[in-house]
Amino acid sequence: LFLGLAIWLTGKSVYARSYKGVPMRQWIKVFLAMLVLTAVFELLYEIQIKGKNPEIDSYIFVIDSSGSMTTTDPDGLRFDAIDKMLVQKPQDFRYAVYLFSDEAVRVRDMGPKDNAQEYSHGTGDGETAIKATLETVMEDIESRELDLTGLNAHVIFHSDGYATDIDFFHKYSIATLLNEYAGKGISISTVGLLEADEALMSLIAEKTGGVFINVDDVNQLEEAMSQAGDLGTDNRHLLGYRNAVNLDLLYAVMRILFITGLGVIIGLEKAVICERF
């Protein structure tokens, strides 16, 4: 929309002294064609070929326990948020808990919420090894130490800082790992607190079909984690990631064709303005 208007305004300003004005009728036809094709392409790209996603029946909480958490969340409100999230869930709803700093440790095995397992809340020291943590969780899933048989699990990942094992220039080095999660149908929603790396947390969520929520106040953690746990319909768009990795080639071809088509239409808009020169 804005590009089309910019083309028209450029034609008006640059060629104001020409013998003919901008051919508005032609421009409007091409502009409408661009809008219609944009809507059609978007609808086609959003189609969920695999059908509706199954309902989430288990959570894997991956909770930051690095040194910074002693000042960010000294009262352990993130653990209170877990308890309150589970109140509305049925008794057989299952969940597991990992704590991470320099490394990840599973402090609660996957089990129903009515199985009262006490688990450590950590000591609050060490750095923030996000990549290594995601690798550890995936290793546990593949080895079945974290048994997800018959479950549709959803990961809720919480952190308050930047990853100490991924530098700024290598954020996309975890793309292959995230594809593994998506390939297993495991979505990851991320909850960032205060100084969290928004770019990395957004990437993790988008590549796996989760959501990213950022909060500036620890007292908002409960609401944020509840939103992260209530994963609704996939919000896909033409330039975004898709988590259905088994259809990657199809969607890659669709994306190329659609954007090429839109580019041709935009080129025609420019031609309408400039052809007489």
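Just the heavy atoms: all of them, side chains too, but no hydrogens, waters or symmetry mates, feed the values below.
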Does any pair with a residue in residues 108-119 pass salt bridge (Lys or Arg N to Asp or Glu O under 4.0 Å), and if so which ones, sequence neighbours excluded? Arg106-Asp109

Single-linkage hydrophobic cluster, 4.5 Å side-chain cutoff, Tyr162 and Leu193 together: no

Any residue meeting ring-ring contact (aromatic ring centres under 6.0 Å, His included) with Phe212, in chain and number order, not counting sequence neighbours: none

dist Asp64:CG -> Arg78:CZ (nearest 0.5 Å) comes out at 7.0 Å

According to the ring-ring contact (aromatic ring centres under 6.0 Å, His included) rule, which pairs have a member within residues 64-86, sequence neighbours left out? Phe79-His121

Going by side-chain contact (heavy atoms from CB on, under 4.5 Å), name the residues that satisfy it together with Thr136, two or more places apart in sequence or in a different chain. Ala104, Asp140

Can you give each donor-acceptor pair under 3.5 Å made by side-chain atoms of residues 126-133, sequence neighbours left out, with the distance rounded to 0.1 Å?
residue : atom : partner : partner atom : Å
Thr133  : OG1  : Ala129  : O            : 2.6

Worked verdict on Leu151 versus Tyr59 for side-chain contact (heavy atoms from CB on, under 4.5 Å): CA-CA 10 Å; Leu151 298 177; Tyr59 287 147; over 6 Å; no

Applying side-chain hydrogen bond (donor to acceptor under 3.5 Å, both in side chains), name anything that partners Ser202, two or more places apart in sequence or on another chain. none

Could you check if a side-chain atom of Tyr98 sits within less than 4.5 angstrom of a side-chain atom of Val105, using non-hydrogen atoms only? no

To the nearest 0.5 Å, atom CZ of Phe61 lies from atom OH of Tyr95 at 7.5 Å

Going through the checks in order, is the side-chain contact (heavy atoms from CB on, under 4.5 Å) test met by Met69 and His158? CA-CA 11 Å; Met69 293 306 301; His158 162 270; 3.5 Å; yes

Counting distance only, does the side-chain N/O of Asp197 pair as donor-acceptor with the main-chain N or O of Ala199 below 3.5 Å? yes

In chain order, what residues pass the side-chain hydrogen bond (donor to acceptor under 3.5 Å, both in side chains) check against Glu198, with sequence neighbours excluded? Asn214

What pairs with Thr71 under side-chain hydrogen bond (donor to acceptor under 3.5 Å, both in side chains), at least two apart in sequence or on another chain? none

For Leu178 and Thr208, which heavy atoms make the closest approach, and how far apart are they? O-CG2, 3.6 Å

Met201, Ile186: one ILVMFWY side-chain cluster at the under-4.5 Å cut-off? yes

Considering all heavy atoms of both residues, which atom of Thr260 and which atom of Ile256 are nearest to each other, and what is their separation? OG1-O, 2.6 Å

Within this structure, what is the NZ-OG distance for the pair Lys89 and Ser58, rounded to the nearest 0.5 Å? 10.5 Å

Going through the distances and angles, do Ile174 and Ile204 end up as a side-chain contact (heavy atoms from CB on, under 4.5 Å)? CA-CA 8 Å; Ile174 65 169; Ile204 293 171; 3.7 Å; yes

When rounded to the nearest 0.5 angstrom, what is the spacing between CD in Glu142 and NZ in Lys184? 4.5 Å

Please find out if less than 6.0 Å separates the ring center of Phe100 from that of Phe157. yes

Heavy-atom closest pair, residues Pro112 and Gln91: CB-O, 3.7 Å

Going by the rule side-chain contact (heavy atoms from CB on, under 4.5 Å), which residues pair with Ser120 if we only count those two or more places apart in sequence or in a different chain? Leu99, Val107

Can you name the nearest heavy-atom pair linking Ser101 to Ser66, along with the distance? CB-CA, 3.8 Å

Full working for side-chain contact (heavy atoms from CB on, under 4.5 Å) between Ile63 and Ile156: CA-CA 8 Å; Ile63 306 298; Ile156 299 178; 5.9 Å; no

Partners meeting side-chain hydrogen bond (donor to acceptor under 3.5 Å, both in side chains) with Asp57 (sequence neighbours left out): none

Rounded to the nearest 0.5 Å, what's the gap from CD1 on Ile141 to CG on Leu148? Could you check? 5.0 Å

Interatomic spacing from CG in Leu177 to NZ in Lys207 - rounded to 0.5 Å: 11.0 Å

Leu37 meets the side-chain contact (heavy atoms from CB on, under 4.5 Å) criterion, sequence neighbours left out, with Phe41, Leu262, Ile265

The criterion is side-chain contact (heavy atoms from CB on, under 4.5 Å); which residues satisfy it with Thr149, sequence neighbours excluded? Arg144, Asp147

Stepwise side-chain hydrogen bond (donor to acceptor under 3.5 Å, both in side chains) check, Ser189 with His154: CA-CA 8 Å; Ser189 287; His154 178 50; 3.1 Å; yes

